[in-house]
Amino acid sequence: LLAAPARGAPCPAPCRCLGPQLDCSSRRLRAVPAVPAGTRSLDLRNNSLRWVPAGALDSPASLRSVAVAANPWHCDCRILYLKLWLQDSSALALASARCASPAALSGKPLAELTGNELGPCRSLLPIKCLEFFWRDLALIAGAIITLLLAARALKFSRKQVWQLRLGGRARLGSRRGTAKNH
């Protein structure tokens, strides 16, 4: 019963399913296996993993922790997904994961990687930033134009109310004057 897959999903070979835990440690894996639904923790320690494909840890949503130490992580753009996932979900695992390659980063913890060290990623990141920049700039410009139009409309409406008040007093005064004369 303990070795039953989580929530009826098949347990990926050669891993062992122990309730909500998927133990894939020391299995010489070169790729992350499909994670069954209901899995809460995944042990990938001591394998031959070099990177984790983007999205591989996003399903199932119940996955909360991943152990990744003792893998030969190649720290280039492809490691960003794992680094960010671990930052959000498993700080201990992030602290234990270390780069094996390239040589300049060998032994460096994933937690300490910076964008400058990830080589080609530098050219990818500004493009995404520029997309957000232009979108945000358009939203800000739209908000400013809306505020200016609202301020102008408010100013115009106050002017109209003021003119109505002045016009009403002038007429009221002229009627009083005529009533006194009679």
Side-chain angles (χ1 to χ4, degrees), residues 1-140:
L1 185 63
L2 278 179
R7 293 194 188 166
C11 190
C15 303
R16 287 187 325 153
C17 291
L18 304 168
Q21 300 172 349
L22 180 57
D23 181 7
C24 299
S25 63
S26 302
R27 302 283 199 267
R28 298 185 187 145
L29 296 177
R30 302 186 113 216
V32 177
V35 182
T39 301
R40 285 191 217 137
S41 68
L42 172 61
D43 189 349
L44 295 172
R45 291 175 297 162
N46 196 30
N47 279 294
S48 298
L49 300 171
R50 295 178 46 91
W51 55 281
V52 174
L57 303 176
D58 295 342
S59 182
S62 58
L63 188 61
R64 297 287 176 247
S65 68
V66 178
V68 295
N71 278 288
W73 299 114
H74 181 72
C75 296
D76 65 3
C77 289
R78 294 178 290 183
I79 205 71
L80 275 178
Y81 169 76
L82 177 62
K83 180 182 188 251
L84 295 173
W85 195 94
L86 292 173
Q87 274 179 333
D88 290 344
S89 304
S90 187
L92 281 171
L94 180 62
S96 69
R98 297 192 178 278
C99 300
S101 60
L105 298 175
S106 183
K108 185 165 188 163
L110 261 81
E112 295 177 15
L113 286 178
T114 64
N116 291 334
E117 295 169 321
L118 295 175
C121 299
R122 285 179 279 171
S123 63
L124 296 176
L125 293 176
I127 292 171
K128 293 283 184 198
C129 292
L130 283 176
E131 288 174 12
F132 291 119
F133 171 77
W134 291 116
R135 184 204 62 194
D136 292 348
L137 184 63
L139 288 172
I140 290 169

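All heavy atoms count here, side chains included; hydrogens, waters and symmetry mates do not. Keep in mind it's a predicted model, so treat the numbers as computed, not measured.
- A distance of 5.5 Å separates NZ of Lys108 from OG1 of Thr114, quoted to the nearest 0.5 Å.
- Residue Arg27 holds its CZ atom at 13.5 Å from OG of Ser48, rounded to the nearest 0.5 Å.
- If you take CH2 on Trp73 and CG on Leu105, they are separated by 15.0 Å, rounding to the nearest 0.5 Å.
- Put simply, CZ on Arg50 and OG on Ser101 are 4.5 Å apart, with the number rounded to the nearest 0.5 Å.
- Atom SG of residue Cys15 and atom CG of residue Leu44 lie 7.5 Å apart, to the nearest 0.5 angstrom.
- Distance alone, capped at 3.5 Å, is enough to place a donor-acceptor pair between the Asn47 side chain and the Leu29 backbone.
- The shortest distance between side-chain heavy atoms of Pro33 and Pro14 does not fall below 4.5 Å.
- For the atom pair Leu42 CG and Arg64 CZ, the distance stands at 13.5 Å (nearest 0.5 Å).
- Of all the heavy atoms in Ala67 and Ala93, the pair that sits closest is CA-CB, 4.4 Å.
- Checked by atom type and distance alone, the side chain of Asn71 pairs as donor or acceptor with a backbone atom of Val68 at under 3.5 Å.
- Of all the heavy atoms in Pro12 and Cys17, the pair that sits closest is CD-SG, 4.3 Å.
- Looking at heavy atoms from C-beta onward, Leu22 lies in side-chain contact with Pro36 at the 4.5 angstrom threshold.
- Looking only at side-chain heavy atoms (C-beta outward), Cys75 and Leu110 come within less than 4.5 Å of each other.
- Not one N or O on the side chain of Asn46 forms a donor-acceptor pair closer than 3.5 Å with the backbone of Ser26.
- Contact between Pro60 and Ala37 at its shortest, heavy atoms only, is CB-CA, 3.9 Å.
- Heavy atoms from other residues, nucleotides or ligands lying under 6.0 Å from CG of Leu92 number 12 at most.
- Residues Arg16 and Cys11 approach most closely at C-SG, 3.6 Å, considering heavy atoms.
- Leu94 places none of its side-chain heavy atoms less than 4.5 Å from the side chain of Trp85.
- Judged by distance alone, the side chain of Tyr81 and the main-chain N or O of Leu57 form a donor-acceptor pair under 3.5 Å.
- One N or O on the side chain of Ser62 and one on the backbone of Thr39 form a donor-acceptor pair closer than 3.5 Å.
- Proximity of Lys83 to Leu113: side-chain heavy atoms (C-beta onward) are separated by under 4.5 Å at one or more points.
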